[in-house]
Amino acid sequence: QVQLVESGGGLVQAGDSLRLSCAASGRTFTYTMGWFRQGPGQEREFVGAINWGNSRRYAADSVKDRFTISRDNAKNMVYLQMNNLKPEDTAAYYCAARVGSGLANGYSDYDYWGPGTQVTVSS
């Protein structure tokens with residue numbers, strides 16, 4: 001099985017940038033990877049996804065102008081670059097892996113999850 005661990009979260013001010021990292025282990029890193037987030041009292045929300053070959057990627061409409069997802073398969077790492085952070089970006093951010101082919105944005109489409117890392121953006 002795949003194990004995922006996120007890092008890089010923290011407390012920042014509006015307009016700052018953060019890069020979240022996801023370290024994967026347990027098997028070959030060849031499947032679709034995604035990022036989700038969940039604020040207090042909210043459902044888990046799709047943020048972005050990238051396929052194993054780095055040929056396709058996309059982000060949710062709410063963040064696509066500010067966030068970028070990338071991966072380094074040689075290091076089994078996935079990244080979420082977050083620029084111009086806003087208070088509404090405050091949430092626990094989760095890395096996820098999808099065994100099935102193709103990009104997906106649904107919670108149930110992903111098979112493995114990390115424990116999450118907290119991002120808090122103040123005004």
Side-chain angles (χ1 to χ4, degrees):
Q1 290 189 330
V2 174
Q3 292 183 326
L4 307 173
V5 180
E6 306 92 339
S7 63
L11 175 64
V12 298
Q13 297 182 3
D16 286 352
S17 297
L18 277 177
R19 188 176 76 163
L20 304 183
S21 299
C22 173
S25 63
R27 61 167 293 174
T28 304
F29 200 58
T30 58
Y31 26 77
T32 298
M33 301 298 296
W35 285 95
F36 289 74
R37 65 185 182 183
Q38 186 169 19
Q42 304 293 316
E43 295 183 345
R44 197 160 295 188
E45 174 190 24
F46 173 77
V47 175
I50 186 169
N51 74 333
W52 69 268
N54 292 303
S55 60
R56 294 196 298 168
R57 70 189 73 189
Y58 76 103
D61 289 342
S62 60
V63 302
K64 65 181 181 181
D65 294 331
R66 300 180 293 116
F67 291 8
T68 302
I69 189 170
S70 62
R71 67 193 297 169
D72 185 342
N73 291 338
K75 297 181 178 180
N76 272 17
M77 297 289 291
V78 183
Y79 306 100
L80 181 67
Q81 179 66 46
M82 305 184 294
N83 297 325
N84 191 25
L85 284 162
K86 304 177 184 297
E88 52 262 42
D89 296 319
T90 295
Y93 283 73
Y94 298 88
C95 179
R98 170 177 166 79
V99 176
S101 62
L103 300 180
N105 62 1
Y107 176 87
S108 62
D109 293 321
Y110 288 81
D111 303 288
Y112 302 97
W113 295 86
T117 185
Q118 180 67 35
V119 174
T120 301
V121 185
S122 65
S123 299

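We number each residue from 1, following the sequence as shown.
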Is the shortest side-chain heavy-atom distance between W35 and C95 below 4.5 Å?
yes

Heavy atoms only: give me the nearest L4-A24 pair and the separation to one decimal.
CD2-CB, 3.7 Å

Taking the side chain as every heavy atom from C-beta outward, state whether Q81 and S70 have any pair of such atoms under 4.5 Å apart.
no

Contact between E45 and S62 at the side-chain level, heavy atoms closer than 4.5 Å - yes or no?
yes

Side-chain heavy atoms under 4.5 angstrom apart, residues restricted to Ile, Leu, Val, Met, Phe, Trp, Tyr: same cluster for F67 and F36?
no

Listed partners of K64 passing salt bridge (charged side-chain N to carboxylate O under 4.0 Å, His left out), at least two apart
D61

Centres of the F46 and Y58 rings: under 6.0 Å?
yes

Report the C-alpha separation of L20 and Y94 in whole Å, then their side-chain angles, then the decisive distance to 0.1 Å, and conclude whether the side chain to side chain contact (heavy atoms under 4.5 Å, CB included) test is met.
CA-CA 10 Å; L20 304 183; Y94 298 88; over 6 Å; no

Note, I69 side chain near V78 side chain (heavy atom, < 4.5 Å):
yes

My understanding is that only residues two or more places apart in sequence, or in another chain, count here; which of them pass salt bridge (charged side-chain N to carboxylate O under 4.0 Å, His left out) with R66?
D89

So, do Q118 and T90 sit near enough that their side-chain heavy atoms are less than 4.5 Å apart?
yes

Could you check whether Y112 and Y31 have their ring centres less than 6.0 Å apart?
no

Distance-only side-chain donor-acceptor flag, Y93 / R37, under 3.5 Å
yes

